[in-house]
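Structure, as structure tokens:
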Amino acid sequence: MYSDTLNISYFRKDAAFDTLYPQHIRELSEMHWTTLDVSLEASNFLATPGARILDIGSGVGKFCISAGVYHPEATFYGVEQREELFHHAQIAKEQIGVSNVQFIYGNLMDLDYDLYDHFYFYNPFYENIEPRSRIDHTVWTSSELYRRYTLFIYGMLNKRPAGTKLVTFHAPDNQVPASYQLMDNSYNSVLKMWVKE
Ligand SMILES: C[S@@+](CC[C@H](N)C(=O)[O-])C[C@H]1O[C@@H](n2cnc3c(N)ncnc32)[C@H](O)[C@@H]1O
């Protein structure tokens, strides 16, 4: 799945990976982008041969790109509502030279979820209720959107078949339907692995 020129030096530490992005994007990393160690642990749980894994709100693609390198046997998709972040994800993907990763520019409410098997969810709606965590001002945020997106993902997850895997990171448990069983957790319980019964 890798190109011949896959550059593994980016994967030694987060600061090295973040050099893929411009300075103002690097400054958002600590609060908003998945770290490499979390990505490895999450993708170890989600990836199986042929699986299609969706990052719900993929930002600049740090989870998808690193997970795609760690697990060439699966395909990682990311949907992102901010065009600038989508653009940086595309550039970083090309720079790394990983081919089992695809980014979609758009709103998560417009996807066909039948195209995906398992899901990664890094608390993407929080900026709707916590202004200090806003990434930028290019999208509208509101408590109404928080409620609408949360209900939408909850309903979508509830409809997925038994065996669907979900990893949540810093996400409230009430965003996960009761039909999902908690299988494991780490990082003081902020990273959680779930499977639908
Ligand atoms: C906390 S960041 C996580 C980024 C990425 N998953 C990672 O782990 O590195 C959440 C992202 O979700 C995106 N997002 C939030 N609501 C969205 C929506 N309705 N549709 C698409 N993307 C959304 C935000 O723009 C932001 O880039």
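One-based numbering, in listed order, for ligands and for the atoms of each.
Which of Gly59, Pro124, Gly78, Ser66 comes nearest to atom 10 (C) of ligand 1 through a heavy atom is settled by distance: it is Pro124. Of all the listed residues (Arg148, Glu84, His32), His32 holds the heavy atom that lies closest to atom 1 (C) of ligand 1.
Taking a cut-off of under 4.0 Å to the non-hydrogen atoms of Asp55, the atoms of ligand 1 that pass are 5 (C), 6 (N).
In this structure, Tyr120 counts as a contact residue of ligand 1, since one of its heavy atoms falls inside 4.0 Å of the ligand. The shell of residues lying under 4.0 angstrom from ligand 1, judged by heavy atoms, includes Gly106.
When non-hydrogen atoms are compared, ligand 1 lies under 4.0 Å from neither the backbone nor the side chain of Val60. The side chain of Tyr149, and not its backbone, has at least one atom closer than 4.0 Å to an atom of ligand 1 (non-hydrogen atoms only; side chain from C-beta on). Contacts with ligand 1 closer than 4.0 Å are made by no heavy atom of Val139, backbone or side chain.
Of the N or O atoms in Glu80, one or more lie within a sub-3.5 Å distance of an N or O in ligand 1. For ligand 1, one of its N or O atoms has an N or O atom of Gln81 under 3.5 Å away. Between Glu127 and ligand 1, a contact under 3.5 Å exists for no N or O pair. The shortest N or O to N or O distance between Leu108 and ligand 1 is below 3.5 Å. Below 3.5 Å of separation, one finds an N or O of Arg82 facing an N or O of ligand 1.
With values rounded to the nearest 0.5 angstrom, Asp184 atom CG is found 7.0 Å from Glu41 atom CD.
When the shell of 6.0 Å around CG of Asp112 is examined, it contains more than 12 heavy atoms from other residues, nucleotides or ligands.
Ring geometry for Phe17 versus Phe11: interplanar angle over 60°, hence perpendicular rather than tilted (30 to 60°).
For the pair His71 and Phe76, the minimum side-chain heavy-atom distance is below 4.5 Å.
Residues satisfying the salt bridge (Lys or Arg N to Asp or Glu O under 4.0 Å) criterion with Arg12, sequence neighbours excluded, are absent altogether.
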